[in-house]
Each structure stands twice: as structure tokens, then as C-alpha cells.
**Student:** 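Handing you this structure, nothing more for now.
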Amino acid sequence: MRVTLGLEHRAANGVQAAGGERSFTRADGQTLTLTRGYVALGGVELKPCEEALGWRLLKALSPVGTAHAHSVGSPLKLGTPYVSGLERPDGTVLTLGTLRPPPGRYCRARLTFEPADADAEGLPGGDVDMVDHTLWLEGTRVPAGGGEPQPFRLVSSNIATVDVVLDGLTLSEDEPTAERTFALAWDTWLATVDLESRDAAASALDTVARSVAMSSATP
């Protein structure tokens with residue numbers, strides 16, 4: 001059994017960006033431009049569908065034990081850390097790796113965003129240091145009434161976790177392989193964040209995690 005996982009950036013409003021700067025207008029009228037953006041994904045774990053109550057009771061009452069060929073969690077978790085940057089064009093999939101879970105139905109995937117270490121894939125160069133950081137956003141904002149662009153930078157080392165629903169992921173002898181791609185909706189990351197607040201970076205990371213959805217291009 002093989003499940004190949006990927007990650008891409010997409011705008012929730014459907015606009016495709018070719019990479020680099022990305023601009024959007026918030027509901028409050030402010031126009032934000034992301035000049036640089038990086039997020040560190042620490043791991044992805046598949047979660048099996050919960051068994052029906054009747055089946056769980058039957059197994060509990062059965063004198064016959066059930067053998068599990070894998071240690072708990074190990075075949076279901078992809079632990080290679082990656083840093084994903086906005087310089088990658090929307091729709092370009094970053095391959096995270098391949099899991100080899102046992103046959104069965106999987107209903108959710110748990111993504112954990114956490115500080116990158118020195119061995120993380122995709123670490124940026126230059127003056128952006130993602131080691132020990134989870135999120136790094138730089139850009140400008142123009143007030144609703146217009147005016148000069150005001151620069152901002154948000155850097156967080158917090159951890160954020162989100163569960164994403166997997167529709168129809170069933171592995172069996174007849175269907176031993178699958179591919180799933182997660183999409184990060186960059187135009188929602190700062191849609192409601194108060195950029196002047198002390199907790200702006202932490203709030204932005206939480207919003208990044210909540211922006212994850214299954215890609216519309218996922219088969």
C-alpha cells in the first residue's frame with residue numbers, strides 16, 4: 001500500500017499566482033501584499049476511520065486476538081520536515097513523500113506545523129532563517145483609505161495542528177495506491193489578523209493551519 005502526499009499553494013478565490021509577490025484586499029478594505037512567505041510543516045499523519053460501535057464491541061468480546069503488523073503510528077506518519085515558500089507558483093505541488101499504511105479506510109490527515117530544524121527540506125537562503133521558526137511572512141499593507149504602503153514582518157515559532165478530511169481514501173488489494181495533495185490558501189492567512197497586535201504572528205500561524213484543505217486537483 002502506498003499513499004503519496006503533496007503540498008501546494010492556492011488562493012481561496014481561485015486566482016492563480018505565478019510565484020513571488022501575492023496581493024489581496026481584505027474585507028475591511030486594506031490591501032495586503034505578501035513579498036515573502038515561508039511555513040514549516042513538521043509532519044503529516046493519516047487517521048483511520050473510526051470503526052462502527054457494533055464492530056468494536058464484537059472485537060472486544062472475541063477471544064481471538066488481532067495481530068498488527070506495524071508499530072502504532074509509524075506506517076501512518078510522514079515525519080520529514082519541509083519548508084514551503086511562496087516563491088513556488090500556485091498549483092505547483094511539493095512532494096512530501098510516500099507512506100506505506102496497512103489496508104483500510106482513512107478519514108483524516110493531521111498536519112503539524114512546527115519550527116524547522118537544520119535538516120528540514122526547502123530551507124530558504126539569504127536573510128530568512130527558518131531554523132527554529134514555523135512561520136515567516138513579510139509584506140506591505142495599504143490602509144482602506146489609501147496611502148503609503150506600510151511594511152510588516154511576522155515571525156512565529158509556535159506549533160499549530162489541523163485535521164483535514166480525506167474523502168474516499170480506501171486502500172485495498174484492488175486499490176493499493178493513492179495520491180493526496182493539500183492546499184494552503186495564502187489569501188486567507190492575514191484576512192482577519194490585526195497586524196498591530198502583539199499576537200499577530202501567532203494568530204497568523206493559526207490561520208495558516210486553518211487554511212489547509214484538500215486540493216481540488218486531488219483525484
Side-chain angles (χ1 to χ4, degrees), residues 3-27 30-45 78 80-98 109-116 120-126 128-130 133-141 152-167 179-193 195 200-219:
V3 179
T4 302
L5 302 176
L7 183 71
E8 67 178 8
H9 299 118
R10 286 188 180 273
N13 63 12
V15 175
Q16 289 273 44
E21 292 189 356
R22 288 163 167 78
S23 297
F24 60 96
T25 300
R26 300 183 358 161
Q30 295 187 65
T31 299
L32 272 59
T33 299
L34 295 173
T35 55
R36 294 196 290 187
Y38 298 93
V39 60
L41 178 64
V44 181
E45 184 176 5
L78 191 67
T80 302
Y82 279 87
V83 175
S84 183
L86 289 180
E87 71 271 10
R88 197 170 71 254
D90 285 1
T92 302
V93 178
L94 170 66
T95 300
L96 300 174
T98 299
R110 178 164 295 169
L111 282 70
T112 301
F113 298 92
E114 59 190 18
E121 300 285 343
L123 287 173
V128 177
D129 184 6
M130 281 298 294
H133 293 126
T134 311
L135 180 70
W136 189 299
L137 295 179
E138 292 183 19
T140 61
R141 61 170 175 161
F152 66 84
R153 186 176 76 173
L154 302 177
V155 180
S156 176
S157 298
N158 286 8
I159 296 174
T161 302
V162 64
D163 283 5
V164 181
V165 175
L166 298 173
D167 293 327
E179 295 182 6
R180 290 295 184 272
T181 299
F182 306 102
L184 289 166
W186 54 264
D187 58 337
T188 68
W189 292 355
L190 300 177
T192 60
V193 174
L195 296 176
S203 297
L205 177 60
D206 290 341
T207 307
V208 168
R210 292 196 300 271
S211 80
V212 182
M214 294 308 303
S215 171
S216 58
T218 295

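These numbers were taken from a predicted model, which means no experiment stands behind them.
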**Student:** Measuring from atom OG1 of Thr134 to atom CG of Leu41, what distance do you get when rounded to the nearest 0.5 angstrom?
**Tutor:** 10.5 Å
**Student:** Side-chain contact, heavy-atom cut-off 4.5 Å: Leu195 with Leu32?
**Tutor:** yes
**Student:** Which atom pair, heavy atoms only, marks the closest approach of Val83 to Ala116?
**Tutor:**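 Heavy atoms of Val83 and Ala116 come nearest at CG2-CB, 3.9 Å.
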**Student:** How long is the gap from OG on Ser84 to CH2 on Trp186, to the nearest 0.5 Å?
**Tutor:**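 It is 14.0 Å, given to the nearest 0.5 Å.
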**Student:** Assess the residue pair Arg10 and Asp90 against the criterion (salt bridge (Lys or Arg N to Asp or Glu O under 4.0 Å)); give the C-alpha distance rounded to whole Å, side-chain angles, the decisive distance to 0.1 Å, and a yes or no.
**Tutor:** CA-CA 5 Å; Arg10 286 188 180 273; Asp90 285 1; over 6 Å; no
**Student:** Could you tell me if the side chain of Leu96 sits less than 4.5 Å from the side chain of Tyr82, heavy atoms only?
**Tutor:**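 When only atoms from C-beta onward are counted, Leu96 and Tyr82 do touch, with a gap below 4.5 Å.
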**Student:** So which atom in Ala201 and which in Ser156 form the shortest heavy-atom distance, rounded to 0.1 Å?
**Tutor:**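 In terms of heavy atoms, the two residues are closest at O-CB, 3.9 Å.
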**Student:** Does the side chain of Ile159 reach to within under 4.5 Å of the side chain of Thr112, using non-hydrogen atoms?
**Tutor:** yes
**Student:** Would you mind reporting whether Leu190 and Leu154 have side-chain heavy atoms less than 4.5 Å apart?
**Tutor:** yes
**Student:** Heavy-atom distance under 4.5 Å between the side chains of Leu34 and Phe152, does that happen here?
**Tutor:** yes
**Student:** Once you round to the nearest 0.5 Å, how far does OG1 of Thr25 lie from CD of Gln30?
**Tutor:** 10.0 Å
**Student:** Of the non-hydrogen atoms in Ala209 and Ala160, which two are nearest, and what is the gap between them?
**Tutor:**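 Residues Ala209 and Ala160, closest heavy atoms: CB-CB, 3.9 Å.
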**Student:** Using 0.5 Å steps for rounding, measure from the OG atom of Ser215 to the NE2 atom of His9.
**Tutor:**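 Result: 12.0 Å between the selected atoms.
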**Student:** With sequence neighbours excluded, tell me which residues meet side chain to side chain contact (heavy atoms under 4.5 Å, CB included) with Thr35.
**Tutor:**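 By the side chain to side chain contact (heavy atoms under 4.5 Å, CB included) rule, Thr35 matches Glu21, Thr33, Glu138.
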**Student:** Given side chains that start at C-beta, do those of Thr188 and Phe24 come closer than 4.5 Å, heavy atoms only?
**Tutor:** no
**Student:** Measuring only between side-chain heavy atoms, which start at C-beta, is Val44 closer than 4.5 Å to Phe182?
**Tutor:** yes
**Student:** Within the side chain of Arg22, is there an N or O that forms a donor-acceptor pair under 3.5 Å with the backbone of Leu86?
**Tutor:** yes
**Student:** Is any side-chain heavy atom of Met214 closer than 4.5 Å to a side-chain heavy atom of Val165?
**Tutor:** no
**Student:** Using side chain to side chain contact (heavy atoms under 4.5 Å, CB included) as the criterion, list what pairs up with Val93, not counting sequence neighbours.
**Tutor:**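 Here the qualifying residues are Glu8, Thr181.
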**Student:** Test Val212 against Leu184 for side chain to side chain contact (heavy atoms under 4.5 Å, CB included), laying out the working first.
**Tutor:** CA-CA 5 Å; Val212 182; Leu184 289 166; 3.3 Å; yes
**Student:** Checking the side chain of Arg36 only, and the main-chain atoms of Gly85 only, is there a donor and an acceptor separated by less than 3.5 Å?
**Tutor:**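 No, because the side chain of Arg36 does not come within donor-acceptor range (under 3.5 Å) of the backbone of Gly85.
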**Student:** Give a yes or no answer on whether the side chain of Asn158 reaches the backbone of Leu205 with a donor-acceptor pair at less than 3.5 Å.
**Tutor:**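 A pair under 3.5 Å: no.
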**Student:** Specify the closest pair of heavy atoms between Val155 and His133, including all atoms of both residues, with the distance to one decimal.
**Tutor:**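 In terms of heavy atoms, the two residues are closest at CG1-CD2, 3.5 Å.
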**Student:** With rounding to the nearest 0.5 angstrom, report the CG to CD distance, Asp163 to Glu45.
**Tutor:** 9.0 Å
**Student:** If you take all heavy atoms of Ala120 and Leu123, which pair is closest and at what distance?
**Tutor:** O-CG, 3.5 Å
**Student:** Between Arg110 and Thr161, which heavy-atom pair has the shortest distance, and what is it?
**Tutor:** CG-CG2, 3.4 Å
**Student:** Working to the nearest 0.5 Å, report the span between CH2 of Trp189 and OG of Ser203.
**Tutor:** 15.5 Å
